[in-house]
Structure formats: C-alpha cells, structure tokens
Number of protein chains: 2
Amino acid sequence: MDTFDLDQFFPYRLAVLSTKISKGFAEVYGKEFGISLAEWRVIVHLAMAGKVSVREIYQRVDMDKSKVSRAASRLEAAGVILKKVNAQDKRLVELSLTPKGKRMMDRLAPMARDYEAQVLAVLSPEQRAALEGIFDTLLEAE
Amino acid sequence: MDTFDLDQFFPYRLAVLSTKISKGFAEVYGKEFGISLAEWRVIVHLAMAGKVSVREIYQRVDMDKSKVSRAASRLEAAGVILKKVNAQDKRLVELSLTPKGKRMMDRLAPMARDYEAQVLAVLSPEQRAALEGIFDTLLEAE
DNA sequence: TTGACTTCATTTCATTTGCAACGATATGTT
DNA sequence: AACATATCGTTGCAAATGAAATGAAGTCAA
C-alpha cells in the first residue's frame with residue numbers, strides 16, 4: 001500500500017494552521033464581545049464598506065448567504081448593526097454599523113492588528129515578505 | 001471609526017485559502033469515493049500508522065473525538081476499515097484498513113500528490129521552499 | 001398589462017458539529 | 001477487596017451549517 005505523510009501534505013498543514021489561528025483570534029474577540037467569526041467578518045466589512053447589502057457582504061467575505069443573513073440578525077438584535085430596506089430596490093437590505101457597532105470596531109481593529117502581529121512575529125522579515133507574495137499568488141490562482 | 005482591510009488580514013487570508021484548497025481537494029476524492037474530509041484523514045492516518053486507537057487518531061490529526069468516532073463508524077459500515085476491541089485494554093478500539101481500504105488508499109495517495117502539486121505549481125521553487133519553512137515555524141509556534 | 005424570468009434575503013430542513021454526559025474499563029490507594 | 005479516580009469511545013443534545021425552497025420585488029419582452 002502507498003505510504004503518505006499527512007503532516008507534510010500542504011492542504012492539511014494549511015487547514016491545521018488556519019484552524020489554530022482563527023480559533024486563537026476568535027477566543028480574543030469572543031471573550032471581549034461575545035461575537036462569532038461570522039459576526040466579526042460582517043462587522044469588519046461594514047466598517048470598511050459602509051452601507052451595503054447582504055449580498056455584497058457574502059460575495060466579498062467568503063461566506064454563505066444564510067450565514068451572513070443569520071449573523072446580521074444576531075448583530076441587529078445586539079444593537080451592533082442596523083437593517084433597513086432599500087427604498088429604491090425593496091429586495092435589498094442595507095446593513096450599517098450603529099454607533100455601538102462603530103465603537104466596537106474601534107476596539108476590534110487594534111485587537112486584530114495586535115493578534116496578527118503576534119502571530120507573524122515568529123517569522124523573519126524576509127519570511128513575512130515572501131509570505132505575502134505567496135498568498136497573493138495562491139489566492140488568485142485558478 | 002477605525003478602518004481595517006480584511007483582505008489583507010492574515011488570519012482571514014489563511015482561512016479563505018484553506019477553505020478554497022480543502023474544498024477543491026474534497027471535490028476530487030468526494031466524487032471518486034464519496035468520503036468526507038474527516039474520513040479522508042482517518043484513512044490516511046491508518047495508512048501511515050497501521051493499527052491504532054481512536055484516541056491516537058484524534059490527537060494526531062487535529063479532529064474532535066466524536067468526529068473521529070463517527071467517521072470511523074461510517075468507514076466501517078462502508079467496509080473500508082475494521083474496528084476491533086483491544087484484547088489487553090478493552091477500552092481501546094483498534095482501527096485498521098481493510099484490503100478494500102488499502103486499495104482505496106493506493107488511489108487516494110497519487111490523487112493527493114497530484115492535487116498538491118497542481119496547487120503549488122503556481123509558485124516558484126524559491127517560494128515553495130520558503131513556504132515550507134514558514135509553515136514549520138507557524139505550526140510549531142506558541 | 002400580462003407573464004416569464006431573475007434577483008434578493010430569509011427560512012426550512014436535513015445534516016454536521018462540538019461539548020458534555022455516559023457507561024465501560026483500567027489504575028491506584030487504602 | 002473496596003473505593004475513588006482516570007481514561008476510552010460512543011452518544012445525546014443544542015447549536016451551527018449548507019443547500020434548496022420560498023416569497024417578495026424587480027426586469028424584460030411580447
């Protein structure tokens with residue numbers, strides 16, 4: 001039978017590392033704000049993009065339609081975002097951060113930057129530079 | 001409010017890339033063998049390690065206890081692995097590949113190598129070398 | 001205007017997930 | 001031996017997930 005080293009298999013290594021790092025960060029903001037990864041992504045995208053539809057979010061942020069919809073509902077219930085039917089096109093729902101949401105983002109952003117910096121700190125400057133190019137390439141591949 | 005570019009955030013990029021690559025590969029072996037990612041990992045680990053317990057698998061392979069247990073049950077039902085209570089310690093369940101499982105692995109291994117090669121083909125040799133070192137470092141960090 | 005299509009967000013439904021509880025077995029202490 | 005404690009794998013359960021169905025709203029062509 002063929003032998004195969006899972007530990008050296010790139011998709012596996014990638015998955016393990018991603019899980020580890022995402023969980024590590026989720027613990028940080030989860031403890032502070034009680035939000036999930038999906039909610040974090042919605043908040044961040046709204047902070048970037050301003051007033052956008054559900055569709056715009058899930059197209060940009062690598063999440064399922066229903067996942068975004070549900071995250072948005074929870075965030076609305078928590079007073080973090082606002083949902084408003086678009087006046088021109090009533091199929092669209094405009095999402096936007098409330099003042100509370102903006103204050104949350106003001107604290108989330110530095111937490112994210114700190115966490116990222118801490119993770120990448122184990123790499124040399126050359127490695128960090130190489131990593132960027134590698135990810136650019138892999139992410140746009142195919 | 002603080003501005004923040006999710007697309008450049010390392011944990012996010014990692015998650016997107018990992019999802020993309022794992023799904024791409026899962027489609028390959030899913031179409032061929034109808035197995036899930038959890039089942040793929042169990043099979044591969046058994047191919048590497050021979051006769052091992054459930055515990056040994058989930059400790060080595062970054063999965064939940066119950067996930068491994070359920071994957072193993074499905075694989076047993078499909079005739080791919082064998083479950084046998086350890087004679088010395090009856091709490092342990094020894095998992096091993098059946099001949100059918102071994103034949104499956106003989107086809108899975110080249111598929112995996114091909115897929116990995118195809119993914120990494122977009123990188124230069126220098127980038128591939130750098131990537132290895134980077135992952136070694138990040139995976140053992142903290 | 002009517003009817004056929006498309007798009008949008010939510011919801012439904014079956015499945016998957018992770019955690020905790022469980023029963024069974026093993027170990028260690030008195 | 002008797003009891004407490006620890007470990008193993010499975011299962012119960014509530015929550016999360018993804019795919020498809022739904023209904024509401026918009027678009028287009030006849």
Side-chain angles (χ1 to χ4, degrees), chain A residues 15-16 18-20 22-27 29-31 34-42 45-46 49 51-78 81-96, chain B residues 15-16 18-20 22-27 29-31 34-42 45-46 49 51-78 81-96:
Chain A
V16 172
S18 175
T19 301
K20 177 186 166 192
S22 280
K23 276 193 180 166
F25 183 42
E27 200 170 331
Y29 59 68
K31 188 173 296 177
I35 57 173
S36 69
L37 190 145
E39 287 154 24
W40 144 260
R41 286 194 187 172
V42 169
H45 189 71
L46 290 179
K51 192 174 292 185
V52 295
S53 67
V54 171
R55 173 178 157 278
E56 213 161 309
I57 296 183
Y58 69 72
Q59 285 186 340
R60 287 279 296 125
V61 132
D62 196 45
M63 285 201 291
D64 193 80
K65 214 178 185 174
S66 43
K67 213 169 175 180
V68 172
S69 175
R70 291 190 260 242
S73 295
R74 285 192 298 267
L75 290 172
E76 187 192 28
I81 73 168
L82 213 77
K83 287 169 62 172
K84 187 167 165 299
V85 173
N86 182 301
Q88 280 76 46
D89 185 340
K90 288 176 189 164
R91 295 169 306 177
L92 301 182
V93 175
E94 283 169 352
L95 306 182
S96 56
Chain B
V16 172
S18 176
T19 301
K20 178 186 165 192
S22 279
K23 277 193 180 165
F25 183 43
E27 200 170 331
Y29 59 67
K31 187 173 296 176
I35 57 173
S36 69
L37 191 144
E39 286 153 25
W40 145 259
R41 286 193 186 171
V42 169
H45 189 71
L46 291 180
K51 193 172 292 184
V52 295
S53 66
V54 171
R55 173 177 159 276
E56 212 161 310
I57 295 183
Y58 71 73
Q59 285 186 341
R60 285 279 296 127
V61 132
D62 197 43
M63 287 200 291
D64 192 79
K65 214 178 183 176
S66 45
K67 214 170 175 179
V68 172
S69 174
R70 291 191 258 243
S73 296
R74 286 191 299 267
L75 290 174
E76 186 192 27
I81 73 169
L82 212 78
K83 287 168 65 172
K84 187 168 166 300
V85 173
N86 182 301
Q88 278 77 46
D89 185 339
K90 288 176 189 164
R91 295 170 305 177
L92 300 183
V93 175
E94 283 170 351
L95 307 182
S96 56

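Within every chain, numbering begins at 1; the chains are lettered A, B, ... in the order of the sequence lines, protein sequences first and strands thereafter.
A:S73 comes within 4.0 angstrom of nothing in the nucleic acid, heavy atoms only. Using a 4.0 Å heavy-atom criterion, one finds that A:E94 contacts no nucleic acid atom at all. Among the protein residues, A:Q59 comes within range of no part of the nucleic acid, since none of its heavy atoms lies under 4.0 Å from any strand. Within 4.0 Å of A:K23, counting heavy atoms only, lies no atom of the nucleic acid at all. Across all strands shown, B:K65 has heavy atoms under 4.0 Å from base atoms, whether or not it also approaches the sugar-phosphate.
Ring pair B:Y29/B:W40 is parallel by interplanar angle, where below 30° counts as parallel and above 60° as perpendicular.
Straight-line distance from the CZ atom of B:R74 to the P atom of D:dT10: 12 Å, rounded to whole Å. The distance from atom CG of A:D64 to atom C1' of D:dA19 is 8 Å, rounded to the nearest whole Å. A:M63 places its CE atom 10 Å from the P atom of D:dT17, with the value rounded to the nearest Å. The CG-P distance, from B:D89 to C:dT25, rounds to 11 Å in whole Å. One interatomic measurement links the two molecules: CZ of A:R41 to C1' of D:dT17, which rounds to 14 Å at whole-angstrom precision.
For the pair B:S66 and A:K83, nearest-nucleotide mapping onto DNA chain C gives the more 5' position to A:K83.
Of the candidates C:dT11, D:dG9, C:dT25, the closest approach to any side-chain atom of A:R70 belongs to C:dT11. The side chain of A:R55 lies closest to C:dA9, out of C:dA9, C:dC19, D:dG18. The side chain of A:V93 sits closest to C:dA9 out of D:dG9, C:dA9, C:dT7. Taking only side-chain atoms of A:S69, from C-beta outward, the nucleotide of C:dT10, C:dT17, D:dC8 with the closest atom is C:dT10.
Counting heavy atoms from C-beta outward, A:L95 and A:V54 have side chains that approach closer than 4.5 Å. Under the 4.5 Å side-chain criterion, counting only non-hydrogen atoms from C-beta, A:K20 is not in contact with B:D62.
Scanning both residues, B:K65 and B:Y58, for their nearest heavy atoms gives CG-CE2, 3.4 Å. The heavy-atom pair separating B:A72 from B:K83 by the smallest distance is O-CD, 4.3 Å.
Distances shorter than 4.0 Å separate none of the side-chain N or O atoms of B:K90 from OP1 or OP2 on C:dT25.
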